[in-house]
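In what follows, chains are A, B, ... by sequence order, proteins preceding strands, each numbered from 1. Just so it is clear, the values below take in all heavy atoms, side chains as well, and ignore hydrogens, waters and symmetry mates. Every value quoted in this text rests on a predicted model; they were computed, and no experiment measured them.
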Amino acid sequence: MSDAKNIQSVKGTRDFYPDDMRLRNWIADTWREVSLRNGFEEYDAPIFEYLDLFTIKSGDEIAAQLFSFTDRGGRSLAIRPEITPSLARMVNARINALPRPIKWFSVPRLCRAENPQRGRLREFFQWNVDVIGSDDVLADAECIYTAVDFLRQVGLTPDDVVVRIGSRPLVVHKLRQLGVAEAAMDQALVALDRRPKISAEAFAEQCAKAGLSDEQVGAICEFLDVPETDSLQQVAAVEGMDGDRNAILQLRTHLEAMGVWPYCRFDWHIVRGLAYYTGIVYEVFDAAGSLRAVAGGGRYDNLVEVLGGPKIGATGFGMGDVVLAILLKDKDKLPHTAGRLDYFVIDDRECPLSLVLQVVSEIRKRGGQADFSYKRQNTGKQLKEANRRGAAAAVIVRGAGKPIGIKNLANGNQTDQPLEDFLSLLDKTR
RNA sequence: GUGGCUGUAGCUCAGUUGGUUAGAGCACCUGGUUGUGGUCCAGGGGGUCGGGGGUUCGAAUCCCCUCAGCCACCCCA
C-alpha cells in the first residue's frame, strides 16, 4: 500500500457520522411530520434526469450550475439541482387521473455545481411543498402556513424568523405604469431582486443595463421602500389589477385566520430572481438578516405548461437543510439527541454468555433496542459500557432461573424480578 | 469560474527570529476494580504539521503549485 492516497470528501459535500445523521434525520422527520399533518403527500423522483428537463425551464446558462454527464448510450443527463421540473413531469404524466388540488411534498437530495460558502454546499437536502391545480390564493396561503407551521414546531418565533411576502404582478404593474418596456421587464425584476444584496453603484449599473431611466428607478424604489404599515393602502391605491390586488388582500386575511400572520410581513422588494414566478412570492429570513434565505417560493402558473402540460396553476416553496441548520444552531434550537438504547444486558457473576444472548434476543424480538458487551468482564466495566452507549437501563442477568435486575441508569434505581415478568411486560407495552 | 484569508491528533488549539525524536486539554483505548456505572488516578494508541515540489547543513516555520474551508464576486431553481 505504498501508493495509498488520502482521498478527502469532495468539495461542498458532507459526511454524515452518526451524530450528524441524527440531526439530518430529525430535520427530515420533522419536515415529513409537518407536511403530512397539513395534508400533503410524499413523492420522489430519480436523482438524475435528462439534461433538457432542467434547461428547458431555465435556459442553457443553467447547465454551468449543474453536474451533467453523458451516459454510455450518449444521453445527456444531469443530477437534479431542484425537483420542481421532475414534479411537473410526474404531474403531467397523470394530469387527468390525479384529483386536484394536488398537494405533494418531497425531501430530495440535490446537487449544484456552485462554489460552497456558509449556508451553501454542492450537495444538500431541500424540503419542497407544492400545490398544483389551483389558482386560488388559498393554495399560496396553505404553503406559507405549512412553512410557518414547521418553523413554529422547531421552536422559532417571530423574533427569530420572518416571512417576507411580495407580489410579482404588483411590481410588474407598477413598472408598466412607469413606462418600462415589456422586453426590459425580466431584467428589471432581476435588478430589483438583487438590490438589497449589492452596492448602490452595482444596482445603478444593473438598472442601466435593464434600460431603466433614473426617474423610473427613483420612482420604483420609492414605491418599494414604503413602510410595511402603509403597504396595504398602497396596494389599494394601485389601479387596474383587481385580481392580483385581491389575492394580496385575501392572502393576509387567510394567514391571519390561520394564526400565522405574526410571522409574516409584506415586503415588495421580494420579487425572486427567477423568471417563472407569476404571482405571490415570498422568502423566509432570519430576523437579523445575517444569513441567506432559509426558504423561498411563490406561484408559478406557467411552469407545468412550459414542460409540456396544460396551463395549470401551481405554487410552492423550497427550504434547504444547510441554512436551516445554521439558524437552528445560532438560536440554540437543535435537539440534544444522543445515541440511544433501551437496554444493555449485563452478565453478573458466573452467568453463562448463552443466557445473555437469549435475553438480548428476547428483548429484540419484542421490538426493544438491546445490546450487550462483547467482552466478558466484571459488572462495573459492563455498566460503564452501558452508560457510554446511552442505554436507558441495564438488565443484569444472574443465571438460569434467577431473577434479573433492571437498573435505571438515569437515577440508579434497581428492581429485581423474574425474567418472565420482565418479558411479558415488554409484550404488553409493545 | 474569479479574488482575499486560513489549514498542526477525532475536536479546540500551543509550537518562541528555520535548529534534536512536534505538544496540551477534551475524546478514544487499557489498567487500578473476581465484579453495580457516571468521579478520580495511572498508562496507551493516534499526526509523513492538508498534499506535492523547491530553497537550506537543517522546514510545521521561507517560496511555488495544488486540494479543502471561510469570506467577497458570479449565481441563487
| message | So if I apply the side-chain contact (heavy atoms from CB on, under 4.5 Å) rule between A:L328 and each of A:V154, A:V294, A:D160, which one comes out positive? | response | A:V154

| field | Near-strand residues of residues 370-380 of chain A, defined as heavy-atom separation under 4.0 angstrom from RNA chain B | value | A:K375, A:N378, A:T379, A:G380

| query | In terms of side-chain heavy atoms, does A:W127 have a donor or acceptor partner in A:S106 at a distance below 3.5 Å? | reply | no

| request: Have a look at A:I396 and say if it touches a base, only the backbone sugar-phosphate, or nothing, with a 4.0 Å heavy-atom cut-off. | output: base

| N/O (side chain, A:R194) to phosphate O (OP1/OP2, B:C75) under 4.0 Å | yes

| Qualifying residues under ring-ring contact (aromatic ring centres under 6.0 Å, His included), relative to A:F372, sequence neighbours excluded | A:Y374

| Ion pair present between A:D44 and A:R80, side-chain N to carboxylate O less than 4.0 angstrom? | yes

| note | Taking pairs as Watson-Crick (N1-N3 plus N6-O4 or O6-N4) or G-U wobble (N1-O2 and O6-N3), each distance under 3.5 Å, the stems of three or more consecutive pairs with RNA chain B are B:1-7 with B:67-73, B:10-13 with B:23-26, B:28-32 with B:40-44, B:50-54 with B:62-66

| What pairs of residues pass the ring-ring contact (aromatic ring centres under 6.0 Å, His included) test when at least one of them lies in residues 379-414 of chain A, not counting sequence neighbours? | none

| query | Reckon A:R388 touches a base, only the sugar-phosphate, or nothing at all at heavy-atom distances under 4.0 Å? | reply | sugar-phosphate

| Across the strands shown, which category fits A:D193 at heavy-atom distances under 4.0 angstrom: base, sugar-phosphate, nothing? | nothing

| query | Does a distance-only test, which skips hydrogens and angles, find a donor-acceptor pair under 3.5 Å between the side chain of A:R272 and the base of B:A77? | reply | no

| request: Give me the residues of residues 411-422 of chain A where at least one heavy atom lies under 4.0 Å from an atom of RNA chain B, by number, or none. | output: A:G412, A:Q414

| task | Compare side-chain N and O positions of A:R80 against OP1 and OP2 of B:A77 and report whether any pair is under 4.0 Å apart. | result | no

| query | Under 6.0 Å between ring centres, would you say that holds for A:F105 and A:W31? | reply | no

Check: protein-nucleotides 67-70 of chain B nitrogen or oxygen pairs below 3.5 Å:
unit_1: B:C67; atom_1: O2'; unit_2: A:Q8; atom_2: OE1; d: 2.5
unit_1: B:G69; atom_1: OP1; unit_2: A:G12; atom_2: N; d: 2.7

